[in-house]
Structures are given as structure tokens and as C-alpha cells.
Amino acid sequence: QFFPSAKIDSSGVLHIVFFDRRNNPDSPVFDVYYAKSSDGINFSRNLRVNERPIPNLSGERTRGDYLDMLAVYPSRVFIAYPDTPGNSDILSTNPTSVNFVRFRPKR
């Protein structure tokens with residue numbers, strides 16, 4: 001788990017989004033996960049945000065520059081994360097595409 005982005009919503013809930021290689025420990029790809037906490041100690045189950053693994057063949061650290069939660073509210077979270085165009089050009093190593101996700105965290 002690396003490059004976390006954390007925000008607190010208006011009701012005091014901590015929201016965290018981060019990169020993780022748990023599904024691909026031996027491959028140069030990662031996924032984006034989300035979790036939340038009402039007390040800063042106990043966290044919800046980690047939810048995978050992206051639909052397909054994100055390549056990072058060159059091992060560059062710049063991927064973390066493109067991960068952020070744009071806004072958090074008690075009823076919705078907006079997350080931006082990097083990708084390569086169409087995620088089909090596996091040889092591309094530059095994060096030239098950004099995906100935006102909106103979802104509603106369960107209370």
C-alpha cells in the first residue's frame with residue numbers, strides 16, 4: 001500500500017484512497033483502493049476502485065502524483081487516478097490518462 005491520499009468529510013469521517021499491489025505482487029501493475037474510518041483507528045473493508053490493473057512497467061514514482069480525492073461528502077466521494085490510454089498499450093509507461101470515479105460509501 002503506497003501513495004495514500006486522505007480527506008475528512010463534514011461529518012468527521014476519514015476517507016483514504018491508495019495504490020496497492022496485493023492482487024499482483026509479482027507484476028508491475030497495481031490497483032486503487034478506498035477505505036474509510038469514523039474514529040481514525042478502525043477502517044472499513046478496502047474497496048477496489050479501478051476496473052482493471054494499472055500498469056507501471058518502468059517502476060516510476062510519478063503515478064502517485066496523479067492520485068487524489070477531489071472531494072468527499074458524507075454521501076459521495078470523487079477520486080482521480082492515473083492510467084494509460086485505454087490501458088491496452090501495455091508498453092506505455094507514462095500516466096497520460098486520468099480516470100475519475102464517483103461512488104457512494106456505505107454508512
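Numbers here are sequence positions counted from 1. The model shown is predicted, which means the values in this text are computed figures rather than measured ones.
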- Query: Minimum heavy-atom separation for A35 to S44, with atom names?
  - Reply: CA-OG, 3.6 Å
- Query: Considering all heavy atoms of both residues, which atom of L47 and which atom of R45 are nearest to each other, and what is their separation?
  - Reply: CD2-NH2, 3.2 Å
- Query: Using the ring of each side chain (for Trp, its six-membered ring), is F19 parallel, tilted or perpendicular to F30, with breaks at 30° and 60°?
  - Reply: tilted
- Message: Set out, in order, the CA-CA distance, both residues' side-chain angles and the distance that settles side chain to side chain contact (heavy atoms under 4.5 Å, CB included) for K36 and V77, then state yes or no.
- Response: CA-CA 11 Å; K36 69 177 185 169; V77 176; over 6 Å; no
- Looking only at non-hydrogen atoms, find the nearest pair between D9 and H15 and report the distance. OD2-NE2, 2.9 Å
- Message: Please check: side-chain N/O of S37 versus main-chain N/O of N42, any donor-acceptor pairing under 3.5 Å?
- Response: yes
- Does S5 reach the main-chain N or O of V17 with its side chain, forming a donor-acceptor pair under 3.5 Å? no
- What is the minimum heavy-atom distance between P4 and F18, and which atoms define it? CA-CB, 4.0 Å
- Item | P53 versus D31, closest heavy-atom pair with distance | CA-OD1, 3.5 Å
- Message: Could you walk me through whether F43 and I16 satisfy the side chain to side chain contact (heavy atoms under 4.5 Å, CB included) test, starting with their C-alpha distance in whole Å, then the side-chain angles of each, then the deciding distance to 0.1 Å, before giving a yes or no?
- Response: CA-CA 9 Å; F43 285 84; I16 296 180; 3.5 Å; yes
- Nearest heavy-atom contact between A6 and L14 is CB-CD1, 4.0 Å
- Message: So, applying side-chain hydrogen bond (donor to acceptor under 3.5 Å, both in side chains) with Y33, which one of N23, N50, D20 is it?
- Response: N23
